[in-house]
Amino acid sequence: MTRPRDNRSCHRAPQLRPAAAHVADHAAALAAARTPSDLLAALAALEAACREAREWIAVDLVLNDGWSYAEVGRATGTTRQAASKAYADAVNARMRRSVMGRADAVVIVPCGSAKLDRPAPAGRMYTGSYHRACRRAADRLGGRLIILSARYGLLTPDTVIEPYELRMGQPGAVTAPTLYAQARRLGIDMAGTVTVLAGRDYADPVSEVWPHARRPLDGTRGMPEQMAVLAELARATTTPVVTDPCLTPPLAEGRAA
């Protein structure tokens, strides 16, 4: 068994950068807090992000680098028993996803500027023609439907959200580390097939999470060409995407954070 001080492969683990960036995003929000309530909320979010990132790295070290729970315990300042209790379930869950993920398919569609004026499930919130075209194409690609919201990130269609005005790339929009964290919570980070039906502003962050993601709209010039590609995809005959929340794992909370 390798020892933490002898193990070099962990320093090349692809999970290190998104895990660190996920914590850094919350640390930046903490530094920007200006009121006691904002400070408390930012501290709580940072603590949760640290716990999450610690679990990611511990799980990956056990599965990818062969660390024992005793070694994880020493690195985190706990005992073998405490480390096993903290991470064994997560290790087993990720092992199952690693095996099942090879056959999983996910299709990601972007949000849209046209929205309802009241809280609603994400699957009904967006009313614009572009989003509807993406959904029609997604219905023919097969897999699990996920909506990429500039404000909320990766959403299942049943997740209730508030209306908002924000696009990817604008200040306050979700970042790739946040998307990576959400993908792991949703159990889709190991998906074998990922298709993103969106332009570069939305597709690029998705590709940071899933470098193998298919991007059918790459190379199109403007909205008319994208709509034409989406219409062609919608004419294909394949398995519909899964939108029934009973058939898909829910988000950690009933509403988006």
Side-chain angles (χ1 to χ4, degrees), residues 25-26 28-29 32-35 37-38 40-42 44-45 48 106-141 143-179 181-183 185-186 188 195-206 209 217 220 222-231 233-234 240-257:
D25 281 351
H26 288 280
R34 294 293 179 266
T35 67
S37 60
D38 288 346
L40 286 173
V106 172
V107 57
I108 299 173
V109 301
C111 58
S113 57
K115 304 176 183 69
L116 299 177
D117 60 358
R118 60 187 184 278
R124 298 201 298 267
M125 173 61 72
Y126 307 103
T127 60
S129 59
Y130 184 79
H131 179 79
R132 290 199 302 269
C134 291
R135 292 287 294 272
R136 286 192 293 270
D139 283 342
R140 295 296 180 265
L141 289 177
R144 181 177 175 189
L145 178 66
I146 297 293
I147 299 170
L148 174 53
S149 159
R151 177 179 176 184
Y152 294 106
L154 301 175
L155 300 170
T156 55
D158 59 301
T159 304
V160 177
I161 59 173
E162 302 277 349
Y164 61 91
E165 295 298 329
L166 190 65
R167 285 188 55 83
M168 291 295 287
Q170 293 180 337
V174 296
T175 61
T178 296
L179 299 182
Q182 293 173 332
R185 290 187 210 119
L186 288 166
I188 58 175
T195 303
V196 52
L197 301 175
R200 289 184 59 184
D201 287 348
Y202 286 74
D204 285 351
V206 170
V209 180
L217 299 187
T220 56
M223 187 67 69
E225 289 191 12
Q226 291 191 14
M227 293 292 279
V229 172
L230 291 170
L233 290 172
V241 297
V242 176
T243 59
D244 185 349
C246 295
L247 301 179
T248 59
L251 286 170
E253 298 178 357
R255 295 173 65 90

- Message: Test of understanding: with side-chain hydrogen bond (donor to acceptor under 3.5 Å, both in side chains), list the residues that count as partners of Gln170, not counting sequence neighbours.
- Response: none
- Item | Partners passing side-chain contact (heavy atoms from CB on, under 4.5 Å) against Ala33 (at least two apart in sequence or in another chain) | Asp38, Leu39
- Note on the structure: Between the CG atom in Leu217 and the CE atom in Met223, the distance rounded to the nearest 0.5 Å is 10.0 Å
- Task: Could you grab the distance from atom CG of Leu230 to atom CZ of Arg132, nearest 0.5 Å is fine?
- Result: 13.0 Å
- Message: Using the side-chain contact (heavy atoms from CB on, under 4.5 Å) criterion, which residues pair with Val209? Sequence neighbours excluded.
- Response: Leu179, Tyr180, Ala183
- Message: For a 4.5 angstrom cut-off between non-hydrogen side-chain atoms, does Val109 reach Leu148?
- Response: no
- Any side-chain heavy-atom pair of Met168 and Val174 under 4.5 Å: yes
- Task: Name all residues meeting the salt bridge (charged side-chain N to carboxylate O under 4.0 Å, His left out) criterion together with Arg200; count only those two or more places apart in sequence or in a different chain, and write none if there are none.
- Result: Asp204
- Item | Any Arg167 side-chain heavy atom under 4.5 Å of Asp201 side chain | yes
- Message: If you apply the rule side chain to side chain donor-acceptor pair (under 3.5 Å), what do you find for Gln226 with Tyr130, and how did you get there?
- Response: CA-CA 9 Å; Gln226 291 191 14; Tyr130 184 79; 2.5 Å; yes
- Cys134 versus Pro110: any side-chain heavy-atom pair under 4.5 Å? yes
- Item | Leu145 side chain reached by Thr156 side chain, heavy atoms, under 4.5 Å | no
- Message: Counting C-beta onward and ignoring hydrogens, is there a side-chain heavy-atom pair between Arg144 and Ile188 closer than 4.5 Å?
- Response: yes
- Out of curiosity, Leu197 CG to His131 NE2, how far, rounded to the nearest 0.5 Å? 11.0 Å
- Do Leu155 and Ile146 have side chains that get closer than 4.5 Å, going by heavy atoms? no
- Query: Which atoms form the tightest heavy-atom contact between Pro205 and Ala176, and what is the distance?
  - Reply: O-CB, 4.2 Å
- Note on the structure: Residue pairs meeting side-chain hydrogen bond (donor to acceptor under 3.5 Å, both in side chains), one or both in residues 116-128, sequence neighbours left out, come to Tyr126-Tyr164
- Message: Quick one, Leu186 and Leu154 - any side-chain contact, counting heavy atoms below 4.5 Å?
- Response: yes
- side-chain contact (heavy atoms from CB on, under 4.5 Å) involving Ala203 - partner list, sequence neighbours excluded: Val196, Arg215
- Task: Measure across Pro119 and Glu162 and return the closest heavy-atom pair with its distance rounded to 0.1 Å.
- Result: CG-OE1, 3.2 Å
- Item | Pair Ile147-Arg135, side-chain contact (heavy atoms from CB on, under 4.5 Å): steps then yes or no | CA-CA 9 Å; Ile147 299 170; Arg135 292 287 294 272; 4.0 Å; yes
- Item | Verdict with supporting geometry, Val106 and Thr195, side-chain contact (heavy atoms from CB on, under 4.5 Å) | CA-CA 6 Å; Val106 172; Thr195 303; over 6 Å; no
- Of the non-hydrogen atoms in Ala45 and His26, which two are nearest, and what is the gap between them? CB-ND1, 3.6 Å
